[in-house]
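Just so you know, these numbers use all the heavy atoms, side chains as well, and skip hydrogens, waters and symmetry mates.
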Protein chains: 2
Amino acid sequence: MARAGLTPERLVRAAADLADEVGFDNLTVSALARRFGVKDASLYSHLRNAQDLRERVAVLALAELADRAASALAGRAGKDALVAFANAYRDYAKEHPGRYAAMQVDLTPEIAATSRAGRHSEMTRAILRGYRLPEPDETDAVRLLHSTFHGFTALEAAGGFRHHPRDTDASWAKTLDALHTLLDNWPS
Amino acid sequence: MARAGLTPERLVRAAADLADEVGFDNLTVSALARRFGVKDASLYSHLRNAQDLRERVAVLALAELADRAASALAGRAGKDALVAFANAYRDYAKEHPGRYAAMQVDLTPEIAATSRAGRHSEMTRAILRGYRLPEPDETDAVRLLHSTFHGFTALEAAGGFRHHPRDTDASWAKTLDALHTLLDNWPS
DNA sequence: GTGTTAGCCTAGATCCCCTAGGTTGGGAGG
DNA sequence: CCTCCCAACCTAGGGGATCTAGGCTAACAC
């Protein structure tokens, strides 16, 4: 009887792929075990419980997205940087819906501290530096940008835009235009 | 043996309350039956299945929010209308987190058509009329506003803002200011 | 009073999560 | 090469959720 060679890392990567295929809500320990040809009880030597699995997928996704966003941002500034960052965000959400959904939930304090609040906000602040907003306005702008990026991708993923003929990509481009204009004319 | 007097309407209202208390993810047919002192199998004469229950809660929430938003909008225009609508949206989400979460999921085509895409977008367009945007810019602005409102409330509910000392209400007010400015200086 | 129907029941199949405890493969050390 | 040991994987089983099939009865219609 050959062993499956499970490790937490392999499990989490497979879980993330599974979530992208069947949806984050349908990510179960049983299904993951099935994918490895193993009994579900066997996974509990590598994972504390199902919630632990979900959190690890969330951490993986946050790290992947941060890497992508950092690459997209490299060597860019101003509107270029804004658009590159926003597109990296939205593209990742479209390519990896399960991973993206994982990022939204959970967020136990420690995890949120290590992952989300970290690089994500820093990169947004790096973009905003070009627009020279004083505090606390920069913080407000960070929140506005995050809200808009997340809201747009979430509504798009939920199918909220497909009832109107207007092309979604065009609306997205116009939204980024508008945000750039807004940051340039930020109300004092 | 007295009957519990169940009806789909009573069940859905109770389910919405239950979702607000324990979270939409923890809304189960079993828990709902328990609340009525009844066996879970008994609910399946009133509901097709668990998904049906969730969808009905979503429809209820969409209708309630539309009513509130319509009241808030009555007799207002311009920035007043924008702020009133946005606050109605965010306040509802904070008061009824379970109902709000229900609104996001599901969205089978028919349901989305009857509820969400309906009054919600119409009200947003009513607000935007004061800013006199040509098509397709008005559609893009509708999507931008929806995205920002939803994104902000979702991130706030998930605790995404509590890692920074800046007051969330202040950021929200500033965000609405900024959106008003943006709509007044919409890039052509 | 008799029928009909709707409201609620029990029983049971299936799936998921998770624990406790047993077995075995494969590498480390003699 | 042999032994020991640990990590990897197993079986068994409890608890909870979803949902179906089929039975009983309260309440209303006639």
Side-chain angles (χ1 to χ4, degrees), chain A residues 1-60 98-99 101-102 104-108 111, chain B residues 1-60 98-99 101-102 104-108 111:
Chain A
M1 204 54 155
R3 304 235 167 152
L6 303 183
T7 66
E9 290 68 29
R10 286 192 66 198
L11 284 174
V12 170
R13 285 190 57 83
D17 292 342
L18 183 57
D20 283 338
E21 292 167 26
V22 304
F24 186 67
D25 291 341
N26 298 322
L27 170 60
T28 72
V29 175
S30 307
L32 185 58
R34 225 173 286 131
R35 173 155 298 201
F36 281 98
V38 147
K39 300 293 175 186
D40 57 324
S42 305
L43 301 194
Y44 289 90
S45 5
H46 307 284
L47 308 166
R48 280 207 314 281
N49 50 40
Q51 180 61 18
D52 180 43
L53 176 64
R54 294 187 203 105
E55 287 174 1
R56 284 169 188 256
V57 172
V59 170
L60 172 71
R99 284 167 161 89
Q104 310 313 322
V105 274
D106 332 303
L107 297 183
T108 17
I111 295 177
Chain B
M1 204 54 153
R3 305 231 168 154
L6 303 182
T7 67
E9 289 69 30
R10 285 191 64 196
L11 285 175
V12 171
R13 287 189 55 85
D17 292 343
L18 182 58
D20 284 338
E21 291 167 26
V22 302
F24 186 67
D25 290 342
N26 298 321
L27 171 61
T28 74
V29 176
S30 308
L32 184 59
R34 226 171 284 133
R35 173 155 298 201
F36 280 97
V38 146
K39 299 295 174 184
D40 56 319
S42 304
L43 301 194
Y44 288 89
S45 7
H46 306 285
L47 309 165
R48 279 207 315 282
N49 51 39
Q51 181 61 18
D52 180 43
L53 176 63
R54 296 189 200 103
E55 287 173 2
R56 285 170 188 256
V57 172
V59 170
L60 172 70
R99 283 167 161 89
Q104 310 313 322
V105 274
D106 331 305
L107 296 183
T108 18
I111 295 178

Legend entry - Test salt bridge (charged side-chain N to carboxylate O under 4.0 Å, His left out) applied to B:Asp52 - qualifying residues, sequence neighbours left out: B:Arg48, B:Arg56

Legend entry - Rounded interatomic separation in angstrom, taking CG from B:Leu53 and C1' from D:dA17: 13 Å

Inset, instruction - Please report, rounded to the nearest Å, how far the P atom of C:dC16 is from the CG atom of A:Leu47. - result: 16 Å

Output one line per pair: protein atom, nucleotide atom from nucleotides 18-23 of chain D, and distance, for all N/O pairs under 3.5 Å.
residue	atom	partner	partner atom	Å
D:dT18	OP1	B:Val29	N	3.1
D:dT18	OP2	B:Val29	N	3.3
D:dT18	OP2	B:Ser30	N	3.0
D:dT18	OP2	B:Ser30	OG	2.8
D:dC19	OP2	B:Tyr44	OH	3.4
D:dC19	OP2	B:Ala50	N	2.6

Inset, instruction - May I ask you to test the B:Arg10-B:Phe36 pair for a side-chain heavy-atom distance under 4.5 Å? - result: yes

Legend entry - Within 6.0 angstrom of B:Arg35 CZ, more than 12 heavy atoms from elsewhere: yes

Legend entry - Atom-pair distance (NE2 on A:His46; P on C:dT19), nearest Å: 15 Å

Legend entry - Gap between atom CG of B:Leu53 and atom CG of B:Leu32 - 0.5 Å precision: 6.0 Å

Legend entry - Minimum-distance pair of heavy atoms, taken over all atoms of B:Ser45 and B:Ser42: OG-O, 2.9 Å

Inset, instruction - Return the minimal non-hydrogen interatomic distance between A:Ala15 and A:Val57, and the atom names on each side. - result: CB-CG2, 3.8 Å

Inset, instruction - Could you check how far CG of B:Asn26 sits from C1' of D:dA17, rounded to whole Å? - result: 12 Å

Inset, instruction - Rounded off to whole Å, could you give me the CG-to-P distance for the A:Leu18 and C:dC16 pair? - result: 11 Å

